[in-house]
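In the text below, chain A, chain B and the rest are named by the order of the sequence lines, each starting its count at 1. Everything numeric here is computed off the predicted structure, so don't read it as measured data.
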2 protein chains.
Amino acid sequence: MSRSTKKDMLLQVAERLFYEHGFRGVGLKQIIREANVATMTLYNHFPSKNKLVEEVLKRREERYWSYLDSYIEKGSSSPFILAVEAHCRWLKEHSYKGDMFLRAIEDYTGIDDEIENIAREHKIRLLHYFQQLAQENWDNNPLDLANQLTLLLEGTTSMTTLIGADKAADYSIAMAKVLFQHTS
Amino acid sequence: MSRSTKKDMLLQVAERLFYEHGFRGVGLKQIIREANVATMTLYNHFPSKNKLVEEVLKRREERYWSYLDSYIEKGSSSPFILAVEAHCRWLKEHSYKGDMFLRAIEDYTGIDDEIENIAREHKIRLLHYFQQLAQENWDNNPLDLANQLTLLLEGTTSMTTLIGADKAADYSIAMAKVLFQHTS
DNA sequence: TTAAAAATAGAAAGGTCGTTCTATACAGTT
DNA sequence: AACTGTATAGAACGACCTTTCTATTTTTAA
């Protein structure tokens, strides 16, 4: 197996385990074992566990981002409804137990600034993206609308833990239609 | 200091630290030090760390519950708006970094069934409470309304981590008014 | 006042953690 | 064929974790 596929395997396994059991709940030993890799191979690619966490977050952000972006671009209905639909589909496919970035903020605030910043900046970028979306659709209060959309999406993610992604998606979309149907 | 106040002190300190740094992020050593208590005093009251976590959750649930309950009872506007207002005030006073019960579910699913159940049952009780609230107000779809309210509240809690409790509360209440103003 | 109960500080046990080290094996390139 | 870079397994390290133990002191109550 080549160098790059081993790094990929490590990132992939780490992301799954971190998401499933939390950053602190997973030891490097487990990651190494499940990725079929030696200890020094991990340390050859990542100087520390925290740097591994950083790269996992960056990779996950990229994936979420392109997912959301492409879904909204090719859709035809209101971009806010599309954003909610895209987020719900993401939840069904990749999340079922809370949000990894929020979790990173909670876990690493006061512990590791770099990780905290990566997670916070992801959320800020999302907010800005929604704000721009609102502006392009001639809404006169883009900041408020973006925050409300974010609140809805965060609520949907949390509800996934409680009632599952399918039901959470149904409620979320229903609420979005009430809240955002006045936008184009 | 009497026996019972020591136990109270332990629970109070543990709740604060667990909430601030997560269950796994806090060691018994820190709890013992900040509660000004000896190791064996803790183990005299709680047979293990996990049992301490359980009692912390039960105590927090009781407090949240009576907070919400009394706020809704004495209010005069729509009970759903009141529920959102009560939850927002709770967030301002006691939470600023996610929800302890959701966190417990994430952390202890597959690890400690008792803790997971306590946290899940709290959420279920809340849902039932909202459902009953909807029924009493002659709503024809109490389950849906309860779930949507819960989604809104969970979203508000998450947003607190991102933009603070005050702004999250503003958006939450604004959304609640759009969503639930049709109820009595 | 005296005996039982509870709290104390601190060490120790036994485990896991992240990280480093060692010594060996295997790949590709020249 | 020899060199270079990388992967390997696994031991070792020091730190920290939860839990237990010990031996001493303080509190409580008859």
Item to complete: Answer yes or no: is there an ion pair linking A:Lys58 with A:Glu62, defined by an N-O contact shorter than 4.0 Å?
Response: no

Discussion item. In this structure, how many angstroms lie between the P atom of D:dG10 and the CZ atom of A:Arg33, rounded?
Written reply: 13 Å

Discussion item. Quick one about B:Glu114 and B:Tyr108 (side-chain donor to acceptor, distance below 3.5 Å, no hydrogens or angles considered), yes or no?
Written reply: no

Discussion item. Without decimals, in angstroms, what is the distance between B:Leu42 CG and C:dT8 P?
Written reply: 11 Å

Discussion item. Check this for me, if you would: do B:Glu15 and B:Arg63 make a salt bridge, where the nitrogen-to-carboxylate-oxygen distance has to be below 4.0 angstrom?
Written reply: yes

Worksheet item: Roughly, in whole Å, what's the span from CD1 in B:Ile31 to C1' in D:dC17?
Response: 12 Å

Worksheet entry | Length of the line joining B:Phe46:CZ and D:dT20:P, which is rounded to integer Å | 15 Å

Worksheet entry | Lys/Arg N to Asp/Glu carboxylate O, B:Arg120 vs B:Glu116, below 4.0 Å | yes

Item to complete: Using whole Å, report how far NE2 of A:His45 lies from C1' of D:dT6.
Response: 9 Å

Worksheet item: Do the side-chain N and O atoms of B:Gln132 and B:Glu136 include a donor-acceptor pair separated by under 3.5 angstrom?
Response: yes

Worksheet item: Taking atom C1' of D:dT6 as reference, at what distance in whole Å does atom CG of A:Leu10 sit?
Response: 14 Å

Worksheet item: In terms of ring plane angle, is the pair B:His122 and B:Tyr64 parallel, tilted or perpendicular, where the classes change at 30° and 60°?
Response: perpendicular

Worksheet entry | Distance in angstrom units between A:Gln30 CD and C:dG15 P, rounded | 19 Å

Worksheet item: Reading nucleotides 16-25 of chain C 5' to 3', which nucleotides get B (base under 4.0 Å from a protein heavy atom), which S (sugar-phosphate only), which -?
Response: --SBBBB---

Worksheet, complete the sentence: B:Asn44 CG to C:dA5 P, in whole Å, measures 13 Å

Practice prompt. Using a cut-off of strictly less than 4.0 Å, decide whether B:Lys6 has a side-chain nitrogen or oxygen near OP1 or OP2 of C:dA6.
Written response: no

